[in-house]
Amino acid sequence: ACETMGCATTICTDKTGTLTANKMTARALWIAFEDYVCSDPSVKLGDYIKTHGGGVDSSVLDLLTKLVAIDTMDETVLYLDAAGDLEGSSGNPTEVALLILCYDLGVDYQTIRNSTKGRSDQGELAKYLHEGKQYGFSSARKMMSWAVPNENGGYRLYCKGAQEVILGRCNQIVGKDGLPVEITADHRAELTQTGLSYTRRGMRCLGLAYCDLPADVDLETLSETVNNSDGTPAFEAETNMTAIGLVGIEDPLRAEVPGAIEKCYRAGIDVRLVTGDNPETAVSIAYQAGILRDEHFVEESGEKVSTNLKQNVMMEGKAFRAAVYNDNPEEEGKKDFDQAAFDNIWPHLRVLARSSPDDKLTLAHGLNQSNLYADEEVCRDLRENHGITIFPDRQVVAMTGDGTNDAPALKRADIGFAMGVAGTQIAKDAADIILLDDNFASIVTAAKWGRNVYASIQKFLQFQLTVNIAAVVTALVGAFVYQTSPLAAIQLLWVNLLMDSLASLALASEPPVDSLLERPPVNRTEHMITRRMWVNMLGQAAYQITVVMVLLFEGYKFLDIERGDIDEDNKINSIHYTIIFNTFVWMQLFNEINCRNLNGELNVFKGMFNNPLFVAILLVTMVLQALIVQFGSVAFHVSENGLSARFWALSLGLGVGSLPWQQVINVVYMMVVPNESTGTEATTNGEKSESRHTNGN
């Protein structure tokens, strides 16, 4: 999965806990026609409300705190120390924010829970728990309710959920005196405008409501006129409610997220936000995070709201489903996925708001199956008229998720990321990678490590194939000319050990660097051995073969030593062949430094000492080579007394020659292929990489 992440072209991410800190805090409250917005982060909303009363009756705040205490899950709790001070919490972050609001208002939610018939599971009231009725939250309903028996008969149902869903089911609203009044068009307009102002501040806006039900009500009855968000019938009990107000809950963006998303764009990776929040909240967070940029808006200097976005940059889940699914004419009620319609949308899409887990699955499936890159005419139109360049291969999709319902999407994506802290066990089981800190920046780290794995394989191949070419040519030429290879079998075994084990360990241990994220993802159809690698390999092999051939055919003359094959025929370990063996190995060792780089970088030593394992292995192999040559006479078929200083100087000098020769290769390559960047340029030219397949970047 990590290697696949190195090829990722798209990341579809959640908001809560991944882009944000998952530390929900209530920062605004509209109740009884009073709007409390706490802009000072050092001031708690509860304290702000108490110091800015605004004439709201205490019964209204009592109604608010009762709703929060009753209509929250048992798993959501606050932990207080012996002095009654808040020291921690657990459970749903949104509900925790509401409970903390009650705490700041001076109300003990646990006392309300334990004293409410049909809600309490403590003491005498526990036997009445079955008389209450919970309507759980789901992405289809976008709300949660809890009905409890009234003391004077009947039931009172408390409800919280998405602002537009709750307000759409209310026909009354609580006034300043705590009494309900008929809701008017002006009231609805004020509530809508208030909710919009909260969401534009990046807050999640929840609607709060209640209703009183008669004793003979059937709590399971479904409405014939009111539907849930997904079109299924709503519960009759959750209609004709009385609005209490709105609460704005803020989840601050993680400090490291904007930088991480900038790295993604520079790396040619699209980031799409898939969230259940309403459009304005989603757009606000996406813009703060850097997913949306000025060029995504119709008026770049205008207000950063959903109505100012270009077409299909932001879609709601309902509209998205309607656009990409068609009715099946042969089977009533069945929907067929329309890949062509999806392909018209996804290049522009950056934010999917009010989405469901099924929308995640659709997004993963559609991106994974898209062959849009093969349509040259459409790609040209997107590039010329919309500034969008489509990645020239199938999309590699990474998907985040934490809920049980996210499991199918995590499975369908190429790489599924589950949240280690907030994720369910089912989501973790379905995922390929688990984020221990639930942080988007860790996804970028995974991409960097994935690219590093690919680069490490390329480095090792570049080194190994260079050795193979040189060794095979040397052995064959020697065998053809002198009927014996200048490299003995045991020496070739040492070269193989050097090549296959020690070098692979050294090159594979290279730590990832940020420059890996400054070039586009690897195209799946590209060869692992690039043109630049072939040039490096053939260039170095040519140098090594030339050196060995000169030493083999002319070296004994200018070194004034016996020809190697004559000594071998006389059963003497040849000094001539020992020099060839020693020089050959030292050329490999110094070329190992060259092979740390794939793109013709000028400074081959850059970052080498950041990898102590590489340095240690290189030093160990150098020491072992010296010991083999000087003391390995019989075991390694080298000269009995080793080599003299002048022969060592020759071997080391020719070995070191691999380093300047690499620079010659680089210069020649740039002259022959002038339009291709050097490695240094490739890792700093972020704008070019960034525009490879992102929206106008």
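Any value given below was found using the heavy atoms of this structure, including those in side chains, with hydrogens, waters and symmetry copies removed. We count residues from 1, following the sequence as given. Keep in mind it's a predicted model, so treat the numbers as computed, not measured.
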Problem set entry | Distance, nearest 0.5 Å, that separates NE2 of His296 from NE2 of His348 |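 The NE2 atom of His348 is 10.5 Å from NE2 of His296, to the nearest 0.5 Å.
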For this session: With rounding to the nearest 0.5 Å, note down the distance linking CG in Leu29 to CG in Leu246.
Result: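 Taking CG in Leu29 and CG in Leu246, the distance rounds to 8.5 Å.
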Where the side chain of [X] meets the backbone of [Y], is there a donor-acceptor pair that is under 3.5 Å apart?
X      : Y      : answer
Asp104 : Leu101 : no
Arg188 : Leu167 : yes
Asp85  : Asp81  : no
Thr400 : Asp14  : yes
Arg27  : Cys38  : yes
Thr281 : Met203 : yes
Thr232 : Asn228 : no
Asp406 : Gly403 : yes
Asp438 : Ala422 : yes

With no hydrogens and no angle check, do the side chains of [X] and [Y] hold a donor and an acceptor under 3.5 Å apart?
X      : Y      : answer
Thr16  : Arg204 : yes
Thr76  : Glu95  : yes
Ser284 : Gln288 : yes
Thr25  : Glu250 : no
Ser42  : Asp40  : yes
Tyr198 : Asp35  : yes
Ser59  : Asp57  : yes

Please work out which of the three classes, parallel, tilted or perpendicular, describes the rings of [Y] and [X], given edges at 30° and 60°.
X      : Y      : result
Phe337 : His365 : perpendicular
Phe342 : Phe320 : perpendicular
Tyr287 : Phe297 : perpendicular

For this session: Could you pull out the closest heavy-atom pair between Glu190 and Phe33, with the gap in Å?
Result: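 Taking Glu190 first and Phe33 second, the nearest heavy atoms are OE1-CD2, 4.0 Å.
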Exercise. For Ile244 and Ile31, which heavy atoms make the closest approach, and how far apart are they?
Worked result: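 In this case the closest contact between Ile244 and Ile31 is O-CG1, 3.5 Å.
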Should the heavy atoms of other residues, nucleotides or ligands under 6.0 Å from [atom1] of [X] be counted, would the total exceed 12?
X      : atom1 : value
Lys142 : NZ    : yes
Lys50  : NZ    : yes
Glu124 : CD    : no
Arg201 : CZ    : no
Gln311 : CD    : no

May I ask you to say whether [X] pairs ionically with [Y], meaning some side-chain N is under 4.0 Å from a carboxylate O?
X      : Y      : result
Glu300 : Lys310 : no
Asp270 : Arg350 : yes
Asp74  : Arg119 : yes
Lys304 : Asp294 : yes

For this session: Give a yes/no verdict on a cation-pi contact between Lys133 and Tyr135, requiring under 6.0 Å between NZ or CZ and the six-membered ring centre and an angle within 45° of the axis.
Result: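 Yes, Lys133 lies over the aromatic ring of Tyr135.
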Problem set entry | Verdict with supporting geometry, Tyr128 and Ser120, side-chain hydrogen bond (donor to acceptor under 3.5 Å, both in side chains) | CA-CA 8 Å; Tyr128 300 108; Ser120 173; over 6 Å; no
For this session: Not counting sequence neighbours, which residues clear side chain to side chain donor-acceptor pair (under 3.5 Å) with Asn439? List them please.
Result: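 Checked Asn439 against side chain to side chain donor-acceptor pair (under 3.5 Å); matches are Glu256.
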Exercise. Is there a side-chain contact between Lys66 and Asp62, using heavy atoms and a 4.5 Å cut-off?
Worked result: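 No, their side chains stay 4.5 Å or more apart.
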For this session: Please examine the side chains of Tyr325 and Thr362, heavy atoms only from C-beta on, and report whether any two atoms are closer than 4.5 Å.
Result: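 Sidechains of Tyr325 and Thr362: in contact.
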For this session: Apply salt bridge (charged side-chain N to carboxylate O under 4.0 Å, His left out) to the pair Arg293 and Glu262, showing each step before the final yes or no.
Result: CA-CA 11 Å; Arg293 300 181 171 188; Glu262 176 63 25; 2.8 Å; yes
Problem set entry | Positive for side-chain hydrogen bond (donor to acceptor under 3.5 Å, both in side chains) with Lys15, one of Thr20, Asp251, Thr275, Asp277 |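 With Lys15 as partner, side-chain hydrogen bond (donor to acceptor under 3.5 Å, both in side chains) holds for just one option, Asp277.
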